[in-house]
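Throughout, numbering of the chain's residues begins at 1 and tracks the sequence.
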Amino acid sequence: MKKIGFIGMGNMARAIVNGFIAGGAASPADIYAYAPNQPTLKAFADETGINACSNVHEVVAAADTVVMAVKPYVVESVLDEVKDELAGKALLSVALGWDYAKYRPLLHPDTRVQFIMPNTPCMSGEGMMLFEEATDLTAEEKAAAVAMFETMGEVEILPTRLMGVGGAVSGCGPAFIAMVIEAMADAGVKYGLPRATAYKLASQTVLGTGKMQIRSGMHPAVIKDGVCSPGGATIRGCEALEQKNLRAAFYDAIKACVER
């Protein structure tokens with residue numbers, strides 16, 4: 001994947017570009033991008049050193065691999081413009097809902113496609129990227145794509161049937177965890193912590209706990225039990241959360257995301 005083209009340059013696309021550059025997955029000179037807002041695109045290109053293009057045709061012509069990063073409702077109109085030009089190229093799509101089965105009838109037979117669902121924490125290098133198992137990328141292309149996205153966090157390959165629930169957990173999850181951080185910080189402020197300090201304590205605790213679980217492989221209950229001393233403050237806090245049905249609330253949140 002020597003040259004990469006981006007169609008669309010919103011927040012997620014900019015995060016991916018920055019991640020690729022910071023992680024050494026691609027050099028700015030090998031990245032091409034088009035977005036309708038040309039002044040904003042040019043400013044980003046000046047900042048990063050990537051190549052700003054004036055239309056989608058320029059991007060596709062310059063790139064070996066194209067990243068579709070537009071809003072989902074725009075995808076079909078873009079494909080109408082460049083379907084034939086994508087022949088022989090790899091298309092990586094981060095457009096929500098556009099999986100392999102939806103793309104395949106609209107693409108040239110020689111275009112290879114991979115659906116990817118990144119989440120917003122990829123902006124900090126701690127993202128969770130879901131790759132749909134169904135793909136016609138070559139083995140070499142898929143390995144290269146995984147390696148590129150791993151510069152922004154972790155990659156998990158899921159069967160198509162699990163992409164929806166996977167996206168609910170990792171894609172919608174940051175909003176839920178942000179609410180947890182906000183709530184913990186608010187409680188800290190109530191009892192005297194400065195606001196910035198409260199946010200730092202809550203956010204670092206979430207980050208550290210997540211990393212500890214991933215690196216150790218410990219069951220979350222083991223981590224919880226390790227903090228809960230008999231008759232101590234933490235077990236009393238856990239009891240309060242159980243009384244407020246914390247677990248049921250998260251079950252319901254994921255259910256609401258999955259069962260549209």
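Among residues two or more places apart in sequence or in another chain, the side chain to side chain donor-acceptor pair (under 3.5 Å) test is passed with Glu58 by Ser54. With sequence neighbours excluded, the residues forming a salt bridge (Lys or Arg N to Asp or Glu O under 4.0 Å) with Arg112 are Glu141, listed by chain and number. Here Lys200 pairs with nothing under the side chain to side chain donor-acceptor pair (under 3.5 Å) rule; sequence neighbours left out. Not a single side chain to side chain donor-acceptor pair (under 3.5 Å) links Thr197 to another residue, sequence neighbours left out. Residues meeting the ring-ring contact (aromatic ring centres under 6.0 Å, His included) test with Phe131, sequence neighbours left out: Phe149. For Thr135, the side chain to side chain donor-acceptor pair (under 3.5 Å) partners are Gln114, not counting sequence neighbours.
Between Leu41 atom CG and Asp46 atom CG the span is 9.5 Å, to the nearest 0.5 Å. Residue Ile50 holds its CD1 atom at 8.5 Å from CG of Asn18, rounded to the nearest 0.5 Å. Residue Ile235 holds its CD1 atom at 5.0 Å from SG of Cys238, rounded to the nearest 0.5 Å.
Ring planes of Phe176 and Phe250: perpendicular class, angle over 60° (limits at 30 and 60°).
Residues Pro118 and Met12 come closest through the heavy atom pair CG-SD, 3.8 Å. The shortest heavy-atom contact between Gly167 and Met117 is CA-CE, 3.5 Å.
Met218 shares a hydrophobic cluster with Met212, Val222, Ile223; the chain of contacts runs through ILVMFWY side chains whose heavy atoms sit under 4.5 Å apart. By the 4.5 Å side-chain criterion applied to Ile, Leu, Val, Met, Phe, Trp and Tyr, Val82 is assigned to a cluster that also includes Ile7, Tyr34, Val56, Val59, Val60, Val66, Met68, Val70, Tyr73, Val74, Val75, Val78, Leu79, Leu86, Leu91, Trp98, Tyr100, Tyr103, Leu106, Leu107, Val113. Counting Ile, Leu, Val, Met, Phe, Trp and Tyr side chains that sit under 4.5 Å apart, directly or through other members, Leu193 shares a hydrophobic cluster with Leu201.
Residues in residues 156-169 take part in no salt bridge (Lys or Arg N to Asp or Glu O under 4.0 Å) pair, two or more places apart or across chains. The list of side-chain hydrogen bond (donor to acceptor under 3.5 Å, both in side chains) pairs with a residue in residues 211-238, not counting sequence neighbours, reads Glu126-Lys211. Screening residues 83-93 for salt bridge (Lys or Arg N to Asp or Glu O under 4.0 Å), with sequence neighbours left out, gives no hits.
At least one donor-acceptor pair closer than 3.5 Å links the side chain of Asn51 to the backbone N or O of Ala29. Remark: the backbone N or O of Ile177 is not paired with any side-chain donor or acceptor of Glu182 at under 3.5 angstrom.
By the 4.0 Å N-to-carboxylate-O rule, Asp64 lies too far from Lys3 to be salt-bridged with it.
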From CA spacing to verdict: side chain to side chain contact (heavy atoms under 4.5 Å, CB included), Leu137, Leu92: CA-CA 9 Å; Leu137 293 185; Leu92 310 180; 3.9 Å; yes

Full working for side chain to side chain contact (heavy atoms under 4.5 Å, CB included) between Ile16 and Met152: CA-CA 8 Å; Ile16 294 172; Met152 297 179 294; 4.0 Å; yes

Evaluate the side chain to side chain contact (heavy atoms under 4.5 Å, CB included) criterion for residues Asn11 and Met123: first the C-alpha distance (whole Å), next the side-chain angles of each, then the deciding distance (0.1 Å), finally the verdict. CA-CA 9 Å; Asn11 290 336; Met123 298 178 188; 3.9 Å; yes

List the steps and the verdict of side chain to side chain contact (heavy atoms under 4.5 Å, CB included) for Gln204 and Leu207. CA-CA 5 Å; Gln204 183 60 36; Leu207 175 64; 3.8 Å; yes

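More than 12 heavy atoms of other residues, nucleotides or ligands shown are found within 6.0 angstrom of CD on Glu150.
Annotation: cation-pi geometry satisfied between Arg195 and Tyr199 (NZ/CZ under 6.0 angstrom from ring centroid, within 45° of ring axis).
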